[in-house]
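Taking it in order: structure first as structure tokens, then the write-up.
Computed over heavy atoms, backbone and side chain alike; hydrogens, waters and symmetry mates excluded. Below, read A as the first sequence line, B as the second, and so on, with proteins coming before strands; counting in each chain starts at 1.
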2 protein chains.
Amino acid sequence: MKKQHVTIHDIARELNISASTVSRALHNHPRISRATREAVQQLALKYNYQPNVMASSLRKGRSKTVGVIVPRINRNFFANVIGGMEEVLTSAGYHMIICQTLEKVNHEMFALRTLVNARVDAIIMSISMETKDHEHLRILVDKGIRMFFFDRICEEIRAGSVAIDDRLGAYQSVRHLLDQGYRNIVHVAGAGHINIYRARKQGYLEALREAGIPDRDSWIIEESLIPEGGKAAFEIGMKLAPRPDAYFCAGDYAALGILQAARNRGLKVPDDLGITGFANEPFTEFTEPSMTTVDQRAGEMGVMVADMFLKDVDQSDGANPVERIMLKPELIIRNSSMLNK
Amino acid sequence: MKKQHVTIHDIARELNISASTVSRALHNHPRISRATREAVQQLALKYNYQPNVMASSLRKGRSKTVGVIVPRINRNFFANVIGGMEEVLTSAGYHMIICQTLEKVNHEMFALRTLVNARVDAIIMSISMETKDHEHLRILVDKGIRMFFFDRICEEIRAGSVAIDDRLGAYQSVRHLLDQGYRNIVHVAGAGHINIYRARKQGYLEALREAGIPDRDSWIIEESLIPEGGKAAFEIGMKLAPRPDAYFCAGDYAALGILQAARNRGLKVPDDLGITGFANEPFTEFTEPSMTTVDQRAGEMGVMVADMFLKDVDQSDGANPVERIMLKPELIIRNSSMLNK
DNA sequence: CGTTTTTGTGCAATCGATTGTACAAGATTT
DNA sequence: AAATCTTGTACAATCGATTGCACAAAAACG
């Protein structure tokens with residue numbers, strides 16, 4: 001249990017020079033003589049000197065840390081985004097502090113305060129379901145805190161963002177169902193105040209209109225996107241006329257609920273009923289029949305938003321043109337929607 | 001874009017007192033008069049003063065941060081553990097810095113160095129697959145760094161840990177298969193140098209022996225625990241005599257591979273073949289038939305290891321009796337192993 | 001009333017790294 | 001040889017919070 005860490009002062013003392021010289025030598029300052037520089041660097045190596053991040057952060061006012069806020073860490077999508085960010089940020093010398101909101105706006109505010117306290121160099125977040133008002137976000141941006149959004153972005157705030165083109169993903173899904181010959185397509189939708197669910201609804205409507213199929217409000221069923229929500233939507237759908245022959249769900253878990261409900265009713269998928277989900281959750285590959293869905297390219301999204309941040313700090317000439325990237329989603333066609341064999 | 005943060009000096013100036021008095025007032029130091037204390041606290045509230053964590057960390061030598069190292073953030077199990085830790089640590093005022101090793105030992109060493117640099121108050125980790133040697137861990141523990149393991153623990157290091165009783169989980173699974181009437185049970189095993197896979201094998205052997213069934217080495221097939229590994233194991237199993245009637249897999253993805261391979265061969269699960277997995281991955285609920293597996297109580301594990309850390313820092317009287325907790329796993333019986341209906 | 005104790009506050013050092021400025025010695029220019 | 005420039009290093013302040021020590025004023029005591 002020796003002294004825990006070597007400091008520049010330890011090195012300075014041993015070489016009979018000042019700490020400032022050591023610091024400069026370690027940073028290859030041009031004014032430091034070659035002899036001194038090499039002596040310092042050798043000794044640093046010998047003692048395995050590691051700069052105290054807190055001290056240098058305090059002095060420089062930058063913490064080399066990025067705060068990440070997600071609704072839930074253990075949701076497949078978010079875990080993948082975080083995985084992507086981690087790879088980029090770590091290799092650029094940044095840490096990540098991670099907070100989850102559990103979809104609660106007060107958790108979100110708490111997390112924001114925590115991260116601002118920790119003096120993170122940026123906050124990268126996906127807003128919670130409950131977040132309808134964005135005043136707490138605006139305050140931070142106005143204060144000059146670097147902020148980036150991914151997936152669930154807040155359009156009203158001027159901030160960089162990466163998201164997938166949900167509208168396009170939905171459009172492609174519905175278009176695919178139409179191509180397969182399905183005609184009476186119900187949309188199981190998510191909460192309307194979240195941009196991604198609004199966009200998915202738009203894509204659904206667009207595909208129908210393009211095909212000349214009238215859209216009706218009663219065919220858009222807003223439900224919680226969990227298996228139970230899917231089952232509820234299925235029951236509602238059973239009462240519609242004409243009888244729906246396909247369900248486009250804004251989430252995979254809801255699609256799974258539809259699948260289970262259909263099975264219970266003796267309906268065959270995909271013959272009697274086509275089903276598509278959204279998110280490419282791992283289980284969709286393994287359901288019977290396997291589920292058609294839309295991949296959100298989570299890992300890439302994490303990489304891109306992290307890169308966006310790095311680019312921004314690098315230039316940091318103040319004039320940051322806010323970039324909003326939209327990734328193209330990938331329609332993954334599986335058996336739950338393959339009418340033609 | 002005003003001045004970003006209020007400091008104790010700002011408050012001190014406004015009240016014509018010294019910064020040290022402000023600091024003491026904010027910490028309810030008994031020597032500070034009531035009047036001063038209240039004035040300070042009011043002003044702090046008014047300006048929404050938030051202490052600079054880096055400054056206080058630097059001074060106090062504690063960062064209020066915990067480093068977490070996992071093989072992959074986006075693996076369901078680890079994401080759930082992290083989720084559990086997050087809830088506990090955040091409400092105790094700690095941050096988490098998260099690193100992933102991607103199962104590489106050099107990534108692991110890099111992560112350790114990074115976290116030590118960041119002066120984390122503890123490191124909570126699950127070792128990578130590649131980690132066979134533990135010298136790099138011992139060095140840190142000897143240096144006095146607080147270390148805790150979960151799931152994949154390193155027994156040779158004296159450190160607190162939380163894991164599930166893998167041996168028991170395996171024993172229960174195999175016992176269940178035997179109770180169902182299966183007799184010729186293959187074990188698809190994981191890498192033998194990882195404690196959890198060794199323990200699962202032990203449980204398998206124990207259940208067989210207890211039932212008076214001879215165990216043979218050729219019935220233990222060590223494979224990568226992915227669907228392809230399962231398929232490979234299935235092919236090997238097809239050549240055994242007598243023909244296996246059940247597979248106990250050390251991982252769910254391998255079990256899935258067996259399920260798919262069996263289906264391709266026209267074998268009916270569970271009638272012709274019983275299958276059980278390990279980990280309770282979300283998809284196991286949704287396969288056809290649904291998969292029997294063992295739940296590892298990931299969230300609880302995260303909560304417990306975080307609590308263990310908090311208890312340790314709180315007392316910190318040096319005399320820390322190393323605690324090694326073993327959680328009881330939960331056998332989740334589903335259709336892939338239900339011979340009796 | 002003089003002495004001791006308690007109370008309330010400020011000073012200054014500290015944590016470790018960084019950086020503007022000063023300054024001496026050596027090199028170059030005129 | 002004097003003037004100027006370059007090179008190499010040290011000093012001291014700084015980032016913001018914390019804390020041991022000092023000390024004055026007030027209170028308690030004999």
Side-chain angles (χ1 to χ4, degrees), chain A residues 2-41 43-44 47-65 93 95 116-121 144, chain B residues 2-41 43-44 47-65 93 95 116-121 144:
Chain A
K2 42 201 154 168
K3 185 165 182 304
Q4 286 230 359
H5 297 283
V6 180
T7 72
I8 50 171
H9 295 95
D10 298 326
I11 296 180
R13 199 175 318 116
E14 179 147 348
L15 293 176
N16 274 317
I17 56 180
S18 78
S20 44
T21 301
V22 174
S23 174
R24 290 194 170 99
L26 290 169
H27 289 84
N28 293 314
H29 189 285
R31 281 286 186 83
I32 298 298
S33 75
R34 181 177 201 166
T36 309
R37 184 177 352 118
E38 283 174 358
V40 167
Q41 294 187 348
L43 207 60
Y47 289 149
N48 188 30
Y49 165 77
Q50 301 289 149
N52 184 319
V53 186
M54 286 179 304
S56 107
S57 293
L58 175 60
R59 181 65 228 258
K60 299 208 275 197
R62 313 183 302 109
S63 61
K64 280 284 204 174
T65 300
H95 298 309
V116 171
N117 273 349
R119 307 297 194 268
V120 294
D121 295 343
Chain B
K2 41 200 155 169
K3 185 165 184 301
Q4 286 229 0
H5 296 284
V6 180
T7 72
I8 51 171
H9 295 95
D10 299 325
I11 296 179
R13 200 175 318 114
E14 179 148 346
L15 293 175
N16 274 317
I17 56 181
S18 78
S20 43
T21 301
V22 173
S23 174
R24 290 192 174 102
L26 290 169
H27 289 83
N28 293 314
H29 189 285
R31 283 286 186 85
I32 298 298
S33 75
R34 180 175 201 169
T36 309
R37 186 180 348 120
E38 283 174 359
V40 168
Q41 294 187 349
L43 207 60
Y47 289 149
N48 188 29
Y49 165 78
Q50 302 290 148
N52 184 319
V53 185
M54 286 178 306
S56 104
S57 293
L58 175 59
R59 180 64 228 258
K60 299 209 276 198
R62 312 183 304 110
S63 61
K64 279 285 205 175
T65 300
H95 298 309
V116 172
N117 273 349
R119 307 297 194 267
V120 295
D121 295 342

**OP:** To the nearest 10°, let me know how far the axis at one end of the helix from C/dC1-D/dG30 to C/dT30-D/dA1 is tilted from the axis at the other, five pairs an end.
**Re:** 50°
Subject >> Given DNA chain C, 5'-ward residue of the pair B/Ala19 and B/Ala55, judged by closest heavy atom >> reply: B/Ala19
**OP:** Would you confirm whether B/Ser63, through its side chain, and B/Arg119, through its main-chain N or O, come within 3.5 Å as a donor-acceptor pair?
**Re:** yes
Original post:
How long is the line joining NE2 of B/His5 and P of D/dG16, in whole Å?
Top reply: 9 Å
**OP:** May I ask you to evaluate whether A/Ser57 reaches the phosphate of C/dA17, defined as a side-chain N or O under 4.0 Å from OP1 or OP2?
**Re:** no
**OP:** Round to the nearest Å and state the distance from B/Asn16 atom CG to C/dC11 atom P.
**Re:** 12 Å
Original post:
With sequence neighbours left out, what residues match A/Arg13 under salt bridge (charged side-chain N to carboxylate O under 4.0 Å, His left out)?
Top reply: A/Asp10
Subject >> Donor-acceptor under 3.5 Å (B/Ser23 side chain, B/Thr21 main chain) >> reply: no
**OP:** Output yes when at least one side-chain N/O atom of A/Thr7 is less than 4.0 Å from OP1 or OP2 of C/dC15, else no.
**Re:** no
Original post:
Rounded to the Å, how far apart are B/Arg13 CZ and C/dG10 C1'?
Top reply: 16 Å
Subject >> Nearest-nucleotide comparison on DNA chain C, the residue closer to the 5′ end among A/His9 and A/Arg24 >> reply: A/His9
Original post:
Just how far, in rounded Å, is P of D/dA10 from CD1 of A/Ile17?
Top reply: 6 Å
Original post:
Should A/Thr21 be listed as having a side-chain N or O under 4.0 Å from OP1 or OP2 of D/dA10?
Top reply: yes
Original post:
Looking only at atom types and distance, does a side-chain atom of B/Ser57 sit under 3.5 Å from a main-chain N or O of B/Arg62, one as donor and one as acceptor?
Top reply: yes
Original post:
How long is the line joining CG of A/Leu15 and P of D/dT9, in whole Å?
Top reply: 11 Å
Subject >> Shortest side-chain distance from A/Arg59, nucleotide among D/dG16, D/dA17, C/dT19 >> reply: C/dT19
Original post:
Does A/Arg31 have any side chain to side chain donor-acceptor pair (under 3.5 Å) partners at least two apart in sequence or in another chain, and if so, which?
Top reply: none
Original post:
Is the phosphate of D/dT9, meaning OP1 or OP2, less than 4.0 Å from a side-chain N or O of A/Ser18?
Top reply: no
Original post:
Taking DNA chain C as the partner, which of residues 25-34 of chain A come within under 4.0 angstrom of it by heavy atom?
Top reply: A/His27
**OP:** Please determine if a side-chain N or O atom of B/Ser20 lies less than 4.0 Å away from the OP1 or OP2 oxygen of D/dT19.
**Re:** no
Subject >> All salt bridge (charged side-chain N to carboxylate O under 4.0 Å, His left out) counterparts of B/Glu14, not counting sequence neighbours >> reply: none
Original post:
Is there a donor-acceptor pair closer than 3.5 Å between any side-chain N or O of A/Asp121 and the backbone N or O of A/Lys64?
Top reply: yes
Original post:
Over how many whole Å does the gap from B/Met54 atom CE to D/dT14 atom P extend?
Top reply: 18 Å
**OP:** Identify the heavy atoms of A/Arg37 and A/Ala25 that sit nearest to each other, and give their distance.
**Re:** CG-O, 3.6 Å
Original post:
Toward the 5' end of DNA chain D, which comes first, B/Val53 or A/Arg37, by nearest nucleotide?
Top reply: A/Arg37
Original post:
Has A/Ser56 got a side-chain N or O lying under 4.0 Å from the OP1 or OP2 atom of C/dA17?
Top reply: no
Original post:
Residues two or more places apart in sequence or in another chain: which of them pass side chain to side chain donor-acceptor pair (under 3.5 Å) with B/Asn28?
Top reply: B/Gln41
